[in-house]
Amino acid sequence: MSKTQNPNSASSGGVHGGGAATVAAPLPMRGPGAVEAGLSVNGTARLVQIEPRVSLLDLLREHLDLTGTKKGCDHGTCGACTVWIDGRRVLACLTLALVCEGREVTTIEGLAKGAELHPMQRSFITHDAFQCGYCTPGQIMSAVALLAEGHASSDASIREWMSGNICRCAAYPNIRAAIREIRDAAGGDRHAAG
Amino acid sequence: MATMIGQPINRVDGPLKVSGQATYAYEHWELGQPLYGFIVGATIGKGRIARIDTARAERAPGVRLVMTHRDTPAQGARDESVLLEYWRADPALNGPEVHHYGEPVALVVATTFEQARAAASLVDIDYALEPGHFDFAARQDQAYAPKWLILRLPTDSAVGDFDAGFGAAAVKIDQRYTTPFEFSQPMEPNACLVVPHGEDLTVYVSTQIVDAARAKIASTLQIDPQRVRIVSPYVGGGFGSKLGIHAEAILAALAARQLSQPVKVVMTRQQIFQLVGPRPTSSQRVRLGAGRDGRLVAIAHEVNMHTNPREEYGEPTAVMTRSQYAAPNRLTRHRMVPLDLQRGEDVRAPGEAPGLMAIESAMDELAVALDLDPIELRIRNEPTVDPERGVPFSDRRVVECLREGARRFGWERRPAKPASVRDGQWLVGYGMAAAIRVHPQAPAKARVRMDPDGNAVVQTDMTDIGTGTYTILTQVAAEALDLPIDRVRVELGDSDFPVSWGSGGSWGACNSSTAVHRACKALREKLRVAGNQREGVEAEGEIAFMMDDPNYRNYSIHTYGAHFAEVGVDVDTAEIRLRRMLGVFTAGRILNAKTARSQLIGGMTFGVGMALLEAAVVDTRSGAFVNHDLAEYLVPVHADIPQLDAVLLDGFDDKANVLGAKGLGELGICGAGASIGNAVFNATGVRVRDFPITLEKVLPGLPVVDV
């Protein structure tokens with residue numbers, strides 16, 4: 001993954017993936033009514049009927065009963081809706097659900113292994129890295145991705161690459177402490193996300 | 001009995017919150033599919049709706065209802081005799097008049113969110129524009145004295161003869177400080193889901209005070225409060241903005257009643273800047289007169305703030321000046337400048353936050369004028385009794401906070417002269433400020449019962465808005481009942497539970513903890529009498545309003561602290577970066593050392609925002625807040641907050657309550673911004689009195705240095 005990628009660039013890179021330089025053939029017209037789409041969410045194949053204008057965020061929250069992903073601003077400024085598409089963090093509010101067809105979407109609900117919380121989730125609890133909890137799923141999805149990206153080597157780097165996730169309760173020092181603990185336990189900042 | 005109170009235990013609601021399982025107001029899937037409401041806001045600042053055509057919107061796919069002032073049922077009127085606005089009726093869509101930009105003019109309800117949002121753009125409206133007043137600076141000559149401030153605090157105060165004292169003072173400071181409109185902007189938008197059951201309504205709403213939400217909906221819709229149930233187990237932040245519910249809840253309730261179906265409404269982030277009130281913008285004149293020894297002989301704090309003409313919000317901006325420093329001659333005044341903007345509302349530490357920006361900056365200016373250390377200046381003006389009321393302080397430890405903070409921060413390394421220390425590209429400076437915050441006490445009740453399995457269940461309509469209520473009440477009950485933590489279950493945020501004043505004013509933790517403590521004591525007594533018949537035994541506890549508590553007449557009860565900040569200012573661009581910050585605080589007994597520290601660092605970070613980032617800007621032609629999103633209304637992000645810590649000096653205030661605890665949800669912001677402004681002065685020699693301190697205000701005054 002590029003070192004210069006914006007930490008919360010919503011979308012297109014991760015969604016289209018592959019980086020093919022060839023010009024694609026025109027896509028068939030779909031919509032504006034509901035259309036069928038298939039994608040995988042937290043390892044489960046989902047077939048949904050949605051209008052093309054539905055965002056990934058609203059698909060999760062209003063169609064799939066996955067409300068762990070939060071809507072804080074709905075226009076890409078707060079990071080509360082951070083999820084992963086094919087392992088890469090994106091903003092679900094700026095991502096149309098339809099462009100996730102055939103992709104693997106991971107949300108906060110998919111981070112724990114059954115009843116066992118992900119180490120980052122446990123570390124957030126230990127370090128009191130949240131208060132109201134509303135930005136927390138996005139912070140955690142970013143924090144885990146941050147380690148995989150190799151952006152947790154220093155506090156300055158963590159601050160910079162977590163700055164797309166606003167916490168108005170301002171648990172920032174505690175979030176960094178939680179991230180440091182997991183980074184150090186893993187012996188560095190490059191272990192696989194999730 | 002094991003000591004539970006004070007232990008830094010993890011939040012008991014932590015596992016739910018880190019796994020996305022805590023359900024906020026908009027997220028109650030178990031209730032089935034609701035309809036979606038979308039608010040249409042006025043696009044003028046003052047005038048009236050001349051024509052409104054809903055036909056196109058009504059024909060749009062999925063639309064079920066378009067409500068406007070023409071067809072909205074009659075609603076209750078605002079009742080100023082109700083002590084606090086949060087409990088008053090607040091009608092929506094009840095006339096063609098537009099009182100401020102963004103005021104709701106229609107609600108579109110549709111089967112899907114996307115349909116409602118799209119149809120909202122199809123409501124055709126012609127307005128008859130009227131001239132409005134939106135420019136605070138230009139309307140200062142309209143300032144008037146309100147009858148009182150919030151909670152009916154006195155508008156003015158005077159002791160001794162200020163003019164004579166100030167006139168004769170050897171050293172004088174006379175400066176004006178201005179603070180902008182600021183918004184709470186919690187991460188969860190104002191959201192509401194209303195489920196009708198016949199004549200009854202169940203209201204899932206993001207609110208700080210459940211009882212106030214019930215009263216506001218019932219009085220607005222003119223129905224029996226007993227027919228309204230409020231449910232609010234998790235709240236995604238409030239910071240004052242959810243003390244009262246707003247149009248999202250009133251409109252959802254009106255629509256759900258009319259359609260006899262569940263309806264949910266959430267404000268967009270942009271709408272929050274028009275439908276929730278800002279902290280009033282202020283212009284504050286501070287005059288300090290002192291002898292050469294640094295002792296104040298006169299102090300005056302005069303505040304102009306904006307108000308909506310129909311509904312006053314009197315922020316108690318100069319009220320802490322009545323209690324913080326000794327001086328024989330003193331006065332405080334609050335005046336209001338009417339503007340056609342939405343009413344002011346509470347934003348974290350209403351009063352103290354903007355007031356201490358001014359006073360604690362002025363004290364720094366006085367220290368400079370006296371060539372005296374600013375800590376020493378404050379110590380020399382430490383009062384022995386409350387200087388305006390003449391009553392003793394209950395537990396005042398300002399000086400201890402100042403000294404402990406100075407030691408921990410390394411204050412002795414402060415640059416003696418402004419603009420004298422460089423670290424590469426950066427001019428480096430230290431600043432400090434003292435903190436004081438009122439400790440109010442409000443009514444609360446709680447119930448506790450023993451279940452057959454031996455677990456205790458605590459119930460109160462108190463909320464947890466991120467403050468840690470679930471956790472501290474678990475600790476309080478566990479200690480009082482001598483149970484392990486995991487044998488106590490706390491249930492909050494439901495109007496079926498005993499009534500409280502919820503979370504706000506830094507009163508929630510102590511009110512609810514005291515009520516729970518008393519309920520547990522009463523339960524123990526009942527259990528002792530009951531012997532083996534323990535099942536279903538329950539008891540209640542409560543705490544009284546401060547106005548009915550003699551300690552509030554006989555003592556001055558506050559919390560205190562001291563802030564220390566180090567900033568760097570770029571020598572070429574005047575970019576300001578916080579480098580490190582420390583706060584040292586006292587708030588009686590600490591209920592949970594971990595969550596208390598989190599509250600304080602959160603408050604301090606709000607103070608960083610006030611000092612360096614936050615300002616909502618009014619378009620003085622239209623009355624719209626132009627930077628109405630989180631891209632342009634800047635709040636602190638990770639990168640703005642480097643090393644920042646809060647230290648609590650534990651104690652026990654026996655005048656506050658039986659637990660000796662005081663509130664601290666707002667203490668962290670009090671004075672925090674001023675410490676940063678004072679550090680910017682120390683770094684650069686530039687004093688900015690128009691907050692926030694942004695680089696274009698600093699750059700012209702930067703010293704010329706080597707290139």
Side-chain angles (χ1 to χ4, degrees), chain A residues 33 51 53-55 58 61-62 65-78 80 107-109 111-112 117-118 120-122 124-138 140 155-156 158-176, chain B residues 8 10-11 13-24 26-27 29 36 112-114 118 184-189 234-239 266 268-270 464-468 594-595 597-599 601-606 608 629-631 635-645:
Chain A
E51 293 180 329
R53 61 184 168 178
V54 175
S55 70
D58 286 322
R61 287 173 60 83
E62 306 302 330
D65 192 6
L66 291 169
T67 56
T69 305
K70 302 304 181 190
K71 184 184 279 192
C73 72
D74 211 15
H75 59 271
T77 63
C78 80
T107 72
I108 190 71
E109 290 93 342
L111 201 56
L117 295 177
H118 185 281
M120 188 67 79
Q121 292 172 310
R122 289 202 301 272
F124 264 58
I125 294 174
T126 307
H127 292 279
D128 209 34
F130 57 91
Q131 294 180 38
C132 81
Y134 200 78
C135 75
T136 309
I140 291 173
D155 259 30
I158 297 172
R159 283 203 300 272
E160 186 66 24
W161 290 87
M162 287 296 291
S163 277
N165 291 86
I166 295 175
C167 174
R168 189 57 160 160
C169 300
Y172 299 129
N174 297 355
I175 293 169
R176 289 199 293 276
Chain B
N10 294 334
R11 283 172 202 267
D13 50 340
L16 285 178
K17 285 183 172 174
V18 301
S19 58
Q21 301 303 314
T23 45
Y24 298 80
Y26 206 70
E27 301 174 348
W29 267 77
Y36 293 80
T112 71
F113 170 71
E114 292 78 16
S184 296
Q185 297 296 336
M187 295 317 297
E188 183 203 16
Y234 299 101
V235 178
F239 315 114
V266 61
T268 66
R269 184 58 64 180
Q270 294 93 331
D464 188 333
I465 61 172
T467 40
K594 185 179 281 194
T595 58
R597 175 179 169 275
S598 290
Q599 285 281 288
I601 64 174
M604 290 167 68
T605 305
F606 252 75
V608 176
D629 59 52
L630 295 176
V635 302
V637 301
H638 278 277
D640 297 310
I641 305 300
Q643 194 181 329
L644 183 148
D645 203 1

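Lettering follows sequence order; numbering is per chain, from 1.
Between chain A and the residues B:Gly14, B:Ser598, B:Gly468, B:Ala631, the most heavy-atom pairs under 4.5 angstrom are made by B:Ser598. Between chain B and the options A:Ile125, A:Asp65, A:Leu66, the largest number of non-hydrogen pairs under 4.5 Å is found for A:Asp65. Of the listed residues (A:Thr136, A:Leu117, A:Thr126, A:Ile140), the one with the most heavy-atom contacts under 4.5 Å to chain B is A:Thr126. When each of A:Arg122, A:Met120, A:Arg176 is checked for heavy-atom pairs under 4.5 Å with chain B, A:Arg176 comes out on top. With respect to chain A, the highest number of heavy-atom pairs below 4.5 Å among B:Gln270, B:Gln21, B:Arg269 belongs to B:Arg269. Contact count versus chain A (heavy atoms, under 4.5 Å) is highest, among B:Ser184, B:Gly237, B:Gly238, for B:Ser184. Top candidate by heavy-atom pairs under 4.5 Å with chain A, chosen from B:Ile601, B:Thr23, B:Leu16, is B:Ile601.
In this structure, chain A has no heavy atom under 4.5 Å from any part of B:Pro8. Heavy atoms closer than 4.5 Å to chain A are found in both the backbone and the side chain of B:Gln599. Contact annotation for A:Glu51: only side-chain heavy atoms (C-beta onward) come within less than 4.5 Å of a heavy atom of chain B. Proximity to chain A is limited to the backbone of B:Val235, based on heavy atoms less than 4.5 angstrom apart. Within the 4.5 angstrom heavy-atom criterion, atoms from both the backbone and the side chain of B:Pro636 approach chain A.
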Apply side chain to side chain contact (heavy atoms under 4.5 Å, CB included) to the pair A:Val54 and B:Thr112, showing each step before the final yes or no.
CA-CA 10 Å; A:Val54 175; B:Thr112 71; over 6 Å; no
Verdict with reasoning, A:Asp128 to B:Arg11, per salt bridge (Lys or Arg N to Asp or Glu O under 4.0 Å):
CA-CA 7 Å; A:Asp128 209 34; B:Arg11 283 172 202 267; 2.5 Å; yes
Test log, rule side chain to side chain contact (heavy atoms under 4.5 Å, CB included), inputs B:Val635 and A:Arg168:
CA-CA 8 Å; B:Val635 302; A:Arg168 189 57 160 160; 3.3 Å; yes
Between A:Lys70 and B:Glu188, does the side chain to side chain contact (heavy atoms under 4.5 Å, CB included) criterion hold? Intermediate values first, please.
CA-CA 8 Å; A:Lys70 302 304 181 190; B:Glu188 183 203 16; over 6 Å; no
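Summarising the geometry of A:Gln121 relative to B:Val18, their closest heavy-atom pair is NE2-O, 2.8 Å, with the distance given to 0.1 Å. When all heavy atoms are compared, the tightest approach of B:Pro189 to A:Lys71 is CD-O, 3.4 Å. Smallest separation of non-hydrogen atoms from B:Gly602 and A:Ala170: CA-CB, 3.8 Å. The nearest pair of heavy atoms linking A:Tyr134 to B:Tyr24 is N-OH, 3.6 Å.
Under the 4.5 Å side-chain criterion, counting only non-hydrogen atoms from C-beta, A:Asp74 is not in contact with B:Thr268. Considering only heavy atoms from C-beta on, B:His638 stays 4.5 Å or farther from A:Trp161 through its side chain. Annotation: side chain of A:His127 is not in contact with side chain of B:Lys594 (no heavy-atom distance under 4.5 Å). Residues A:Cys169 and B:Met187 form no side-chain contact, since every pair of their non-hydrogen atoms from C-beta on lies 4.5 Å or further apart. Taking the side chain as every heavy atom from C-beta outward, A:His75 and B:Asp629 approach each other to under 4.5 Å. With contacts defined as side-chain heavy-atom distances shorter than 4.5 Å, the pair A:Cys132/B:Tyr234 does not qualify. Within the 4.5 Å cutoff, side-chain heavy atoms of B:Leu630 are placed close to those of A:Ile166. Considering only heavy atoms from C-beta on, B:Ser19 stays 4.5 Å or farther from A:Leu111 through its side chain.
Rounded to the nearest 0.5 angstrom, B:Ile641 CD1 and A:Ile175 CD1 are separated by 11.5 Å. Expressed to the nearest 0.5 Å, how far NZ of B:Lys17 lies from CD of A:Gln131 amounts to 8.5 Å. To the nearest 0.5 Å, atom OG1 of residue A:Thr67 and atom OH of residue B:Tyr26 are 12.5 Å apart. Remark: B:Asp640 CG to A:Tyr172 OH distance equals 7.5 Å, nearest 0.5 Å.
In this structure, A:Arg61 fails the cation-pi test against B:Phe113, since its NZ or CZ atom is not both closer than 6.0 Å to the six-membered ring centre and inside 45 degrees of the ring normal.
Side-chain atoms of A:Arg159 never come within 3.5 Å of backbone atoms of B:Pro642 as a donor-acceptor pair (strictly under, hydrogens ignored). Counting only distance, with no hydrogens or angles, the side chain of A:Ser163 and the backbone of B:Ala639 share a donor-acceptor pair below 3.5 Å.
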